[in-house]
Amino acid sequence: MKKVCGLKYFHHPYSFPRSSPPSWAEKVDRWHQLDAYSFGLIDAYAHLQDRLEAPEFILLASPSASNDADQAFVLSKAKSPAKMVHTLPNVRSSSLVKFMGWGGPVLCLQKDPQTLLTAIVEGLDLIDPSCRNLMIWGVVNQA
């Protein structure tokens with residue numbers, strides 16, 4: 001049987017911050033401390049999971065890395081790292097992969113202002129003739 005390769009694109013708008021817990025809140029430790037990006041990743045997956053196949057690996061397009069969350073942490077004068085869910089982009093995906101119940105390689109990209117486009121281009125380079133399932137996650141600010 002010949003396997004057909006293709007690209008599936010999903011778009012999931014979400015609002016952040018939330019005043020009420022999302023439907024998936026009980027499944028994510030400290031969901032209220034997620035930054036907008038981490039929140040969006042989980043919210044999108046929670047709403048799209050029935051349409052997605054399990055990936056062989058994930059390419060995380062992480063615009064601005066964790067700079068916004070790091071700045072908010074410093075400006076809040078928080079003294080403990082326990083007040084922050086992540087400090088590095090690869091940790092940013094940890095809540096998502098835990099929610100997915102998935103373990104495997106995650107590659108992180110930060111190449112602003114074209115992070116998502118770069119991830120798609122690099123993702124195409126990573127697909128081999130066996131057409132393994134690559135999941136590219138990215139969040140775009142619509143403000």
Side-chain angles (χ1 to χ4, degrees), residues 3-128 130-143:
K3 189 170 183 179
V4 178
C5 297
L7 173 67
K8 293 180 186 176
Y9 173 81
F10 298 98
H11 177 259
H12 174 73
Y14 68 98
S15 61
F16 183 88
R18 295 274 303 247
S19 57
S20 61
S23 61
W24 44 264
E26 291 183 13
K27 298 178 183 176
V28 178
D29 296 333
R30 301 187 312 174
W31 73 269
H32 56 282
Q33 288 183 320
L34 296 173
D35 70 341
Y37 192 96
S38 299
F39 183 96
L41 292 174
I42 296 172
D43 201 58
Y45 183 81
H47 287 88
L48 299 170
Q49 64 186 338
D50 295 337
R51 299 166 55 191
L52 301 173
E53 297 175 35
E56 289 186 35
F57 64 93
I58 294 174
L59 187 52
L60 177 65
S62 182
S64 76
S66 60
N67 294 340
D68 295 336
D70 291 347
Q71 181 182 23
F73 177 74
V74 170
L75 293 176
S76 73
K77 298 186 181 1
K79 302 291 184 206
S80 168
K83 301 284 185 188
M84 189 170 180
V85 170
H86 72 82
T87 56
L88 298 171
N90 61 325
V91 177
R92 171 177 272 176
S93 63
S94 64
S95 296
L96 171 66
V97 297
K98 183 176 179 185
F99 182 83
M100 292 171 65
W102 182 81
V106 177
L107 307 175
C108 299
L109 283 162
Q110 297 84 35
K111 192 148 181 133
D112 291 338
Q114 301 174 24
T115 300
L116 188 55
L117 178 61
T118 300
I120 292 168
V121 170
E122 291 198 20
L124 291 172
D125 287 340
L126 292 171
I127 295 176
D128 65 20
S130 67
C131 194
R132 51 187 178 190
N133 189 5
L134 165 67
M135 186 178 282
I136 300 173
W137 282 102
V139 175
V140 178
N141 185 353
Q142 298 291 318

| said: Counting C-beta onward and ignoring hydrogens, is there a side-chain heavy-atom pair between His12 and Asp43 closer than 4.5 Å? | reply: yes
| Partners meeting ring-ring contact (aromatic ring centres under 6.0 Å, His included) with His32 (sequence neighbours left out) | none
| field | Residues which pass side chain to side chain donor-acceptor pair (under 3.5 Å) with Lys98, listed by chain and number, not counting sequence neighbours | value | Asp29
| field | Heavy-atom closest contact (Glu53 atom, Met135 atom, distance) | value | O-CE, 3.7 Å
| said: Do Leu41 and Leu60 make a side-chain contact, defined as non-hydrogen atoms from C-beta onward lying under 4.5 Å apart? | reply: yes
| Any sub-3.5 Å donor-acceptor pair from Tyr14's side-chain atoms to Phe39's backbone N or O? | no
| task | List for me each residue that meets side chain to side chain donor-acceptor pair (under 3.5 Å) alongside Trp102, sequence neighbours excluded, and say none if there are none. | result | none
| Only one of Ile58, Ile136, Leu59 clears side chain to side chain contact (heavy atoms under 4.5 Å, CB included) with Leu107; which? | Leu59
| task | For Ser95 and Ile42, work out which heavy atoms get closest and say how close. | result | CB-CD1, 3.5 Å
| Passes side-chain contact (heavy atoms from CB on, under 4.5 Å), Phe57 versus Val106? Steps please. | CA-CA 6 Å; Phe57 64 93; Val106 177; over 6 Å; no
| After noting the C-alpha distance and the side-chain angles of Gln33 and Trp31, does the key distance pass the side-chain contact (heavy atoms from CB on, under 4.5 Å) rule? | CA-CA 5 Å; Gln33 288 183 320; Trp31 73 269; over 6 Å; no
| Validation row: Trp24, Tyr45 side chains within 4.5 angstrom (heavy atoms) | no
| said: Would the distance check show the side chain of Ser38 and the main-chain N or O of Leu34 forming a donor-acceptor pair, the cut-off being under 3.5 Å? | reply: no
| task | Could you list the residues that satisfy side-chain contact (heavy atoms from CB on, under 4.5 Å) with Phe10, not counting sequence neighbours? | result | Lys8, Leu48, Arg51, Leu52
